[in-house]
There are 2 protein chains.
Amino acid sequence: MARCWEHWLSRSNPRVLHTLESAGGFASAQEVYQLMQREGQSIGLTTVYRALQSLVNEKIVDILRRDDGEAIYRLCGDSHHHHIVCKGCGDTVEIEGGAVEKWAQSLAAEHGYRDVGHSAEIFGLCPKC
Amino acid sequence: MARCWEHWLSRSNPRVLHTLESAGGFASAQEVYQLMQREGQSIGLTTVYRALQSLVNEKIVDILRRDDGEAIYRLCGDSHHHHIVCKGCGDTVEIEGGAVEKWAQSLAAEHGYRDVGHSAEIFGLCPKC
DNA sequence: ATGAAAATGATAATCATTTTCAATTATGCT
DNA sequence: AGCATAATTGAAAATGATTATCATTTTCAT
Ligand SMILES: [Mn+2]
Ligand SMILES: [Mn+2]
Ligand SMILES: [Zn+2]
Ligand SMILES: [Zn+2]
């Protein structure tokens, strides 16, 4: 009987996830890879990319893009939320969507859009910077 | 990885702007370049990139990223606004920020962030798709 | 006209991401 | 265990958008 791979987990996923977690904030695939290398872990860059992609698909990590287009990932809590990101040092604060959620839903409905999602991030200089 | 733009700022180019305008929606730098080529216009890809970047700096065009990370540009009206983008066909609707503006400002202030900006886009399937 | 400064674009370099594919490893079965 | 098959891995090569260089051309004020 064929095994069901619908919710398959790569055996590398936990290690990548743990590294991303210990990174504390956003990290790119390249950065996760370098962190694991420094820790002496044996893993390939390809596997890091694959693991991060599947974690995104499972909604265990968030993905967004830096201004230069590089994808960055972050382990998130189990609830939907947004971020304030410091343009200076990269520090992030998780925040609630609140008004944004209703804004997105009502405007999408108003224009007849279905299967709606949204992105919303705040950028600024943190108190330290 | 952050790259250095500093030596070529502020060179808008009417031909690039006109091509982007006639494209009607979002277009990448590569696409604008190809459009101009097909129209028989003589221009270099480098200049297209430079022109688009300066138009972004001047806030004459908006810049977004496709899921694959490619930057796409669109001529926008003169007021700050947001978009609903169709995941299927790419059609976009310009919308007002409304609640989002206050949300961003108040949360940023609450956490002591200065020099605040934000991004907010809605994605979904348009009525046609 | 002259020279300085700005603009241009061909070309090469950069670099994140994806693709390939052969080797390794896990899994299921007898 | 032993064997077959499928899944996983990662090194290496390919891809492709973006950026850096730099020689040449254009603009423009004097
Ligand atoms: Mn939200
Ligand atoms: Mn806004
Ligand atoms: Zn900061
Ligand atoms: Zn559509």
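Below, chain A is the first sequence line, B the second, and so on; all start at residue 1.
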Between [N] atom [atom2] and [X] atom [atom1], what is the distance in whole Å?
| X | N | atom1 | atom2 | value |
| --- | --- | --- | --- | --- |
| B:Tyr49 | D:dT19 | OH | C1' | 9 Å |
| B:Asp67 | C:dT17 | CG | P | 13 Å |
| B:Arg15 | D:dT26 | CZ | P | 12 Å |
| B:Gln30 | D:dT19 | CD | P | 11 Å |
| A:Leu52 | C:dT17 | CG | C1' | 12 Å |
| B:Leu45 | D:dA20 | CG | C1' | 13 Å |
| A:Ile72 | C:dT17 | CD1 | P | 10 Å |
| A:Arg65 | C:dA16 | CZ | P | 13 Å |

Any side-chain N or O of [X] less than 4.0 Å from the OP1 or OP2 oxygen of [N]?
| X | N | answer |
| --- | --- | --- |
| B:Thr46 | C:dA10 | no |
| A:Gln53 | C:dT18 | yes |
| B:Thr47 | C:dG9 | yes |

B:Asn13 near the nucleic acid: base, sugar-phosphate alone, or nothing, with a heavy-atom cut-off under 4.0 Å?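 The answer is sugar-phosphate, as B:Asn13 gets under 4.0 Å only of primed atoms, P, OP1 or OP2.
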
Reckon A:Ser28 touches a base, only the sugar-phosphate, or nothing at all at heavy-atom distances under 4.0 Å?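 Touches nothing.
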
Parallel, tilted or perpendicular: rings of A:His118 and A:His82 (30°, 60°):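 Rings of A:His82 and A:His118: parallel, as their planes differ by under 30°.
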
So, applying side-chain contact (heavy atoms from CB on, under 4.5 Å) with B:Tyr73, which one of B:Asp62, B:Val56, B:Val32, B:Val16 is it?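 Among B:Asp62, B:Val56, B:Val32, B:Val16, the one meeting side-chain contact (heavy atoms from CB on, under 4.5 Å) with B:Tyr73 is B:Val56.
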
Is it true that B:Leu75 and B:Tyr49 fall in one hydrophobic cluster, defined by side-chain heavy atoms closer than 4.5 Å?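 In one cluster with B:Leu75: B:Tyr49, yes.
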
Where do A:Gln53 and A:Asn57 land on the side chain to side chain donor-acceptor pair (under 3.5 Å) test, with the steps shown first? CA-CA 6 Å; A:Gln53 277 165 193; A:Asn57 291 339; over 6 Å; no

Of B:Ser42 and B:Asp68, the one whose closest DNA chain C nucleotide lies more 5':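 Result of the comparison: B:Ser42.
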
Can you tell if the side chain of B:Glu96 reaches within under 4.5 Å of the side chain of B:Glu101, non-hydrogen atoms only?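 They are not in contact (no side-chain heavy atoms under 4.5 Å apart), so the answer is no.
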
Out of [options], whichever nucleotide has its closest atom nearest the side chain of [X]:
| X | options | value |
| --- | --- | --- |
| A:Ile43 | D:dG10, D:dT9, C:dT8 | D:dG10 |
| B:Arg50 | C:dA16, D:dT19, C:dT8 | C:dT8 |
| A:Glu70 | D:dT9, C:dT8, C:dA16 | C:dA16 |

